[in-house]
Amino acid sequence: MHPAIAVDRALISDSSLHPIAERLERGERLGPEDGLALFESPDIVGIGAMANAANRARHGDRIFFAANQHINPTNVCTLRKTCVFCSYARLPKEEGAYRYTLEQVLEEAATANSTLTREFHIVGGLDMKAGLAYYSEMFRALKANFPHVHIKALTAVEIAHIARIEKMSVRETLVALREAGLDTMPGGGAEVFSPGVRATIADKKLAGEEWIAVHREAHQLGIRTNCTMLYGHVESFADRIAHLTMLRELQDETGGFLAYIPLAYHPDNNELGHTLHREGTATSAFDDLKNLAVGRLFLDNIDHIKTHWVMVTPFVSQTSLHFGVNDMEGTMVREKIYHEAGAHTAQAMTLDAILRLIRGAGKVPVERDSFYRVVRTFDTDPAPRGAGESSKSTSVAA
Ligand code: V47
Ligand code: SF4
């Protein structure tokens, strides 16, 4: 639950939001009708003010980021034809299909030794040839070569796929992968849980309840995870709220989610984008900020709301730091999934660029580890820095 917060009513112009402000001031949980009212309201300033107050009550002006590196070991995927929003997957014999060997994974990971990388974020397709042995060997080798790097790997959908091809239970699969080196799990594969939307955009994918069940199993084993929602395609506001409600209920039960990341749908180079005649048009900054702010207000039991600058642009991410967000996707290094889908942002961001964005919003940059423990806190810098200037850190805390 949020701590009770003071909302500056002068910033709210839509009177339908006043009952929501009152609930927040009393420290009460928002209901589904409040969530709908937030999505329906055009009062982005009022919504932002409430989300900002809720965020600052938890985190003050500190903004987290992590030095991470994305590795996508295979784009071969059995669901290539039915996840119509995906631009990344290929059939095994299709042009552009790839599956890294262990050597290639280690080669790609090697930059971790020359950078500050503390986390590998590893996700890929549902590849029949990438089972338990493939990932166990990969995680063991990564831990042997980069013992200081945390492994956040495999969505619930990939875990269920590995369990199926190995004829093991989800629990046995998670235990085996953890023994091999998996530390936490990312939040992908959730998309939108409502069966109608799933039938349209991801017909054969693990059902919403099954996605929740995999995360419940992980949380019960002590494996922390993230959660996501893919918005900006065919879903309604009611679908979004039903999705957020399922996430909130699991969090009430287990407390295992570390962060929520709303993912903005990118329509280029995928079937859904063609069908919707929307190629070249992505979500609007208005909707991006709204999704982040509503995530903060509705998910009152998830501590961290993360903005993914690759999807919404660094400038929208920067602005979102005043709309309820306390965490920015990190350095990344060679992001592939959204670039195939038309993201025009860079594939990586330097430490200086991240610091500049956070400081430019008047916030305090804090590098974190994968469990949101502080690695180092940077100074604020009221005067904007020029590109390439070095950054200075003022304190290093454990
Ligand atoms: O589940 C696929 C999305 C997700 C498209 O946990 C697309 O820290 C937009 O979940 N347009 C995987 N999105 C990535 C993911 C993630 C990303 C960053 C951080 C974390 C975390 C998790 O990517 C998929 C799907 O929802 N996706 N195709 C597309 N065309
Ligand atoms: Fe495969 Fe994931 Fe793409 Fe679906 S979204 S086709 S499961 S890689």
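Indexing begins at 1, ligand by ligand and atom by atom, following the structure's order.
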Please could you name the atoms of ligand 1 that [X] approaches to less than 4.0 Å, counting only its heavy atoms?
{"X": "P186", "value": "6 (O)"}
{"X": "N226", "value": "6 (O), 8 (O), 21 (C)"}
{"X": "K152", "value": "8 (O), 21 (C)"}
{"X": "H308", "value": "17 (C), 18 (C)"}
{"X": "K306", "value": "8 (O)"}
{"X": "N270", "value": "30 (N)"}
{"X": "E329", "value": "18 (C), 19 (C)"}

Task: Among T228, L292, L244, D327, side chain to side chain contact (heavy atoms under 4.5 Å, CB included) partner for Y260 - done: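 In the set T228, L292, L244, D327, the residue that makes a side chain to side chain contact (heavy atoms under 4.5 Å, CB included) with Y260 is L244.
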
Would you say [X] has any N or O atom under 3.5 Å from an N or O of ligand 1, going by distance alone?
{"X": "L230", "value": "no"}
{"X": "Y265", "value": "no"}
{"X": "H70", "value": "no"}
{"X": "K205", "value": "no"}
{"X": "F85", "value": "yes"}
{"X": "H266", "value": "yes"}
{"X": "C86", "value": "no"}

Task: Polar side-chain atom of R224 near backbone of G256 as donor-acceptor pair, under 3.5 Å - done: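 Yes.
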
Task: Subset of ligand 2 atoms that lie under 4.0 Å from at least one heavy atom of F85 - done: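 Once the distances to F85 are compared, the set is 5 (S).
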
Task: Among N269, I261, T283, T228, closest by any non-hydrogen atom to atom 21 (C) of ligand 1 - done: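 The option holding the nearest heavy atom is I261.
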
Does the ring centre of [Y] sit less than 6.0 Å away from the ring centre of [X]?
{"X": "H70", "Y": "F120", "value": "no"}
{"X": "F257", "Y": "H215", "value": "yes"}
{"X": "F64", "Y": "Y372", "value": "yes"}

Hydrogens and angles aside, do [X] and [Y] bring a side-chain donor and acceptor to less than 3.5 Å of each other?
{"X": "T350", "Y": "D352", "result": "no"}
{"X": "R118", "Y": "H148", "result": "no"}
{"X": "S236", "Y": "D239", "result": "yes"}

For [X], is the nearest heavy atom under 4.0 Å from an atom of ligand 1?
{"X": "A264", "answer": "yes"}
{"X": "M311", "answer": "yes"}
{"X": "V123", "answer": "no"}

Open item on the list: At less than 2.8 Å, how many protein N/O/S atoms surround atom 1 (Fe) of ligand 2? Leave waters out.
Closed with: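 Number of qualifying protein atoms: 1.
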
Just distance, no hydrogens or angles: give the donor-acceptor pairs under 3.5 Å from side chains in residues 174-183, sequence neighbours left out.
{"unit_1": "R178", "atom_1": "NH1", "unit_2": "L221", "atom_2": "O", "d": "2.5"}
{"unit_1": "D183", "atom_1": "OD2", "unit_2": "K143", "atom_2": "NZ", "d": "2.7"}
{"unit_1": "D183", "atom_1": "OD2", "unit_2": "I151", "atom_2": "N", "d": "2.8"}

Task: Residues, nucleotides or ligands: over 12 heavy atoms within 6.0 Å of F315 CZ - done: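 It does not: F315 CZ has 12 such atoms or fewer within range.
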
Task: Close side-chain approach of I358 to M328, heavy-atom, < 4.5 Å - done: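 Heavy-atom side-chain distance check passes, below 4.5 Å.
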
Task: Geometric cation-pi criterion, R240 with F39: 6.0 Å, 45° - done: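 Ring-cation test returns yes.
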
Table please: side-chain donor-acceptor pairs of residues 203-212 below 3.5 Å, with sequence neighbours left out.
{"unit_1": "K205", "atom_1": "NZ", "unit_2": "E191", "atom_2": "OE2", "d": "2.6"}
{"unit_1": "E210", "atom_1": "OE1", "unit_2": "A207", "atom_2": "N", "d": "2.7"}
{"unit_1": "W211", "atom_1": "NE1", "unit_2": "G188", "atom_2": "O", "d": "3.0"}

Open item on the list: As an exercise, state the distance from CG of D61 to NE2 of H322, rounded to the nearest 0.5 Å.
Closed with: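 These two atoms lie 7.5 Å from each other.
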
Name every donor-acceptor pair, under 3.5 Å, that has one atom in a side chain of residues 128-138 and the other anywhere in the protein, sequence neighbours excluded.
{"unit_1": "Y134", "atom_1": "OH", "unit_2": "Y100", "atom_2": "O", "d": "2.8"}
{"unit_1": "S136", "atom_1": "OG", "unit_2": "L132", "atom_2": "O", "d": "2.7"}

